[in-house]
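Okay, so here's the structure we're looking at.
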Amino acid sequence: MKKILSVAIVLSLILSMSLWSVGFAADEVLINDSFENGIGEWTYANDYAKSHIKADTSTASDGKTSLLFDDDTDTTSPIFKSKYMDSKEGDVFVISADIKLLEGAAVSVFYKFYDASNKQLSGSGSVASKATEWTNASKTVTAPAGTVKLQLWITGSIKTLGKCYVDNVKVVRTAGGSGSAATPSTTPSTTTPSTATPSKPAATVTRDGDTLFSDDFENGLSKWTFANSYAETNIKISQEQANDGKSSVHLTDDASDKSPIIKSPMIPVNVGDTYMVSAYFKKVSGTAFKVWVKFFDANNKQIFNGSFAPTSTEWTYQENMYTAPEGAVNVQVWLTGNNKNVGESYIDGIKIIKPSTAAIEEMKKGQLDPPKVIEGIPADSDKFHIYLCIGQSNMVGADTIPQSDFIVVDGAYLYNKDSKWEVAQPYPVNGPTGEYMGYNRYSTVSPGSGRMGPTIGFSRGMAAKVPAGVKIGIISNAIGGTTIEQWSKGFEATSTRPDKDLYESAVARTKEALAKGGVLKGIIWLQGESCASKAGYMEKLVKVANGLREEIGVKNSDVPFIVSEVPQIRPACVATLRTAPQHIENSYVISTEGLTIFDSIHFDVDSQRKLGLRMAETVLDKVYGIKASADDMYNEIYKGVQQPQTQPDNIQYTILINGNKLTMDVQPINAGGRLFVPLRAIFEALNATVNWDDATKTVTGIRGDRTVIMTIGDENVYVNGQQISMGLAPMIVESRTLVPVRFVSEGLGATVDWNDATKTASITLK
């Protein structure tokens, strides 16, 4: 039976016209490809496509060459993809292709719109032709809400056979859309390599120390090793973009099932020494690109890794410090995309140095002080509400914590390895020169582990919304890679499952904390990525949920058991977890719909934030009767787009500058765990010159050799040209501009100490 070939082309191209073409003077051609120069910017998505999609010179609709699709099996499909192209809601495209069908039924041309999480949006569709002679198929379409990019696919169809030619593929963004029109083109467009718009270089940052490795890519990739063939085609040297020089690395990751990787040489290190890895970045699109810093032992076994990634579409400088862990003999840098994510970025001027003591101290500025440990509990026992957070790797947290979450959460506390409560904040396990770790770093079953887990977003949401006087305590005791059997009471360790006493450790740690005071208000469970779909899982989870509450000494009716779904790529596991309320008394389920992963199974940074806030939404509702949507909390805490929740009138905040109380005509506001104060009052009190640009809503403060620039609605602050994410943006409340006191003060060279008992920020101006 002949196979029907359906050619799925996600076309994001714009037909360019000469200036004299009436009505199209401002149209933009994104792709105009007749395949005269081969496949150009297109990529084969599988090996079958490489052997069944070929350039053909025997026939063409416009020139000498077309593409012949020959699909002769019903077990797979040849897939051919274009690059991703930026788009936005309201953009209008004319999509067209010349098609000649040889065998089978109609050929379709698919156009696919995607949102920022790489989810395909409704509004995607196709154009088609059934003709056996060259015929132009075209359609005018509008980008739906949420669109950030458009892609083309040309693909056969599994279970059908067929042959066809495709030529003269075009996509035109017209001037008539509600999106911004393109710059007029004076000459017809031709297919050229993808490039980003050049931008001004970031300010050069120099650190004292011994340079162990440095590459500005002026000599290509001679110092690097390609880890796979995909990297050889998707990681290139660009002479059109550079931060400071002539060249940079251009990485394009357009496949969600593999990742391009190049590796630096191995660099010898000494255990306990601090190393800095830095680079200049420019993101074009997506979220794929990362710099991985990996430490290896004498057997070349990886024993630690950390990462950082570009966040701005302008050239920016980023640096991270790492302490060589026990057993480390070498460090290596990998430049890589990410499985499941796509995107395009540039990198330049990468360095590995062993910084001087002075450089380390300079780099530590703007980072968090060691967590403050308190004696006893932070509130009256009935108002100190404790939450036990357990499970496997997604509760632990796998993605790197962004600097915007490097904050002390006012009103939240973390149970530490010394069995004491400390203020809730990320902090390196080995002190200020290591990678920042999350709230699971004190787990007794997985000590030292934990990056961006949901407990960070959970604590920020809870602290901002709980009733006055209530403080939140987090006990995180999760461990990656564990099964429901390992979490069952009395589990006996085996050679393949060495972790034991997970259940017992959760009970013991919680009872130990409660003995100091406080009330257990909830248990939050995130586990089951690999085993929730197996027979008997729910029966075992019922025993865990009921057993934990009984042995800790609380009633099921008093302490909800909150069950989070796992990533949606495990639908059978998700389906089982959704039934928890049918089996477990006083239990609720947290949805993970719409959340994304950055590798094969772990939630990325933004999804962990949202997941934690979804947990907070449920707890606030079921425990406190407070209605607060996760989306609203996300916008307020991470985007700064809503009015902040002010603290009750009976809570007064004090700002001291060199011991003198700051007088303000508007009281400080606590938003998302940050203290905001009137703009002009704080800048002038710090002896800074203040300039306000009303058109851009930007404030510039200058004190001596330090310049701080902030913009309303933008969470990035620029200190002497270096971009730092504040996590929350300056805001306008009741016609007054409010800014975060810590970032302003430290940006202008002052130090800030916080006294939670008296709600006082003490600023020391040198």
**Study point:** For the student: nearest non-hydrogen atoms of M615 and S564, plus distance
**Key:** CE-CB, 3.9 Å
Exercise for review: Assess the side chains of Q392 and T482: does a donor N or O sit below 3.5 Å from an acceptor N or O?
Suggested key: no
Exercise for review: Take S264 and K223 through the side chain to side chain contact (heavy atoms under 4.5 Å, CB included) test and state the conclusion after the steps.
Suggested key: CA-CA 7 Å; S264 77; K223 297 181 180 180; over 6 Å; no
Check your understanding: Is the charged tip of K489 near the ring of Y503: under 6.0 Å from the six-membered ring centre and within 45° of its axis?
Key -> no
Check your understanding: So does R441 pair up with E422, basic N to acidic O under 4.0 Å?
Key -> yes
Practice item. Kindly compute the distance separating OG (S443) from NZ (K417), expressed to the nearest 0.5 Å. Key: 13.5 Å
Exercise for review: List the steps and the verdict of salt bridge (charged side-chain N to carboxylate O under 4.0 Å, His left out) for R609 and D405.
Suggested key: CA-CA 9 Å; R609 289 168 167 171; D405 277 296; 2.9 Å; yes
Exercise for review: Please work out which of the three classes, parallel, tilted or perpendicular, describes the rings of Y317 and Y280, given edges at 30° and 60°.
Suggested key: tilted
Review point. When you check the side-chain N and O atoms of N394 and E529, is any donor under 3.5 Å from an acceptor?
Key: yes
Point to revise | Short N-O contact, D253 and K258, less than 4.0 angstrom | key: no
Practice item. Run the numbers on E435 and F304 for side chain to side chain contact (heavy atoms under 4.5 Å, CB included), then give the verdict. Key: CA-CA 10 Å; E435 182 193 16; F304 177 84; 3.0 Å; yes
Check your understanding: Under 3.5 Å, is there a donor-acceptor pair between the side chain of E565 and the main chain of T592?
Key -> yes
Point to revise | Heavy-atom side-chain proximity of D399 to H602 below 4.5 angstrom | key: no
Review point. E485 and S488: side chain to side chain donor-acceptor pair (under 3.5 Å), yes or no, with the steps?
Key: CA-CA 5 Å; E485 289 81 12; S488 299; over 6 Å; no
Practice item. For this output row, return yes or no: ring centroids of Y439 and F458 closer than 6.0 angstrom. Key: no
Check your understanding: Does the gap between the ring centers of F213 and W224 come in under 6.0 Å?
Key -> yes
Check your understanding: Counting heavy atoms not belonging to E326, are there more than 12 under 6.0 Å from its CD?
Key -> no
Practice item. Report yes or no: do Y537 and Q527 form a side-chain donor-acceptor pair below 3.5 Å? Key: yes
**Study point:** Result of checking Q318, M321, K351 against S278 for side-chain contact (heavy atoms from CB on, under 4.5 Å)
**Key:** K351
**Study point:** Side-chain touch V563/I590, heavy atoms, less than 4.5 angstrom
**Key:** no
Exercise for review: Indicate whether the side chain of S591 and that of E593 have a donor and an acceptor atom separated by less than 3.5 Å.
Suggested key: no
Review point. When you look at N243 and S248, which way does the side chain to side chain donor-acceptor pair (under 3.5 Å) test go after all the steps?
Key: CA-CA 8 Å; N243 179 68; S248 68; over 6 Å; no
Exercise for review: Take D348 and V249 through the test side chain to side chain contact (heavy atoms under 4.5 Å, CB included) and record every step on the way to the result.
Suggested key: CA-CA 6 Å; D348 198 3; V249 168; over 6 Å; no
Review point. So, do Y415 and W421 have ring centers that fall under 6.0 Å from each other?
Key: yes
Check your understanding: Between E344 and K283, is there a side-chain N and carboxylate O pair less than 4.0 Å apart?
Key -> no
**Study point:** Donor-acceptor side-chain pairing of D254 and Y230 below 3.5 angstrom
**Key:** yes
Point to revise | Separation of S505 OG from L502 CG (nearest 0.5 Å) | key: 6.5 Å
Check your understanding: Between CD1 of I261 and OG1 of T336, what distance do you get to the nearest 0.5 Å?
Key -> 4.0 Å
**Study point:** Nearest atoms (heavy-atom pairs only) where S449 meets V396
**Key:** OG-CG1, 3.8 Å
Check your understanding: Can you name the nearest heavy-atom pair linking D215 to F217, along with the distance?
Key -> OD1-N, 2.9 Å
Practice item. Starting from the C-alpha separation in whole Å, work towards a yes-or-no answer on ring-ring contact (aromatic ring centres under 6.0 Å, His included) for Y275 and Y322. Key: CA-CA 5 Å; Y275 299 89; Y322 302 90; 9.5 Å; no
Check your understanding: Does any non-hydrogen side-chain atom of V291 lie less than 4.5 Å from one of I347?
Key -> yes
Exercise for review: Look up atom OG1 in T455 and atom CD1 in I474, then write down how far apart they are to the nearest 0.5 Å.
Suggested key: 6.5 Å
Check your understanding: Any salt bridge between D756 and K372, counting N to O under 4.0 Å?
Key -> no
Study note, to complete from the structure: Value for OG1 (T211) from CD1 (I353), rounded to nearest 0.5 Å, stands at 6.0 Å
Review point. Can you list the steps and then say if W315 with Q241 is a side chain to side chain contact (heavy atoms under 4.5 Å, CB included)?
Key: CA-CA 10 Å; W315 281 108; Q241 289 282 340; 3.6 Å; yes
Check your understanding: Does the side chain of E232 pick up a donor-acceptor pair with the side chain of S229 at under 3.5 Å?
Key -> no
**Study point:** pair M452-P402: side-chain heavy atoms closer than 4.5 Å
**Key:** yes
Practice item. Compare all side-chain heavy atoms of K301 with those of F296 and state whether any distance is below 4.5 angstrom. Key: no
Exercise for review: Say whether D604 and T596, considering side chains only, have a donor N or O and an acceptor N or O under 3.5 Å apart.
Suggested key: yes
Practice item. Look up atom OG in S247 and atom CG in N219, then write down how far apart they are to the nearest 0.5 Å. Key: 8.5 Å
Check your understanding: So, for Y436 and F406, is the gap between ring centers shorter than 6.0 Å?
Key -> yes
Review point. How about L414 and V423: do any of their side-chain heavy atoms sit closer than 4.5 Å?
Key: no
Check your understanding: Minimum heavy-atom separation for P426 to I401, with atom names?
Key -> CB-CD1, 4.1 Å
Study note, to complete from the structure: In L526, N440, V445, L548, the residue satisfying side-chain contact (heavy atoms from CB on, under 4.5 Å) with I390 is L548
Check your understanding: If every non-hydrogen atom of P265 is compared with every non-hydrogen atom of Q332, which pair is closest and at what distance?
Key -> O-CG, 3.9 Å
Revision key, fill the gap. In short, N228 meets S259 closest at the heavy-atom pair ND2-O, 2.8 Å
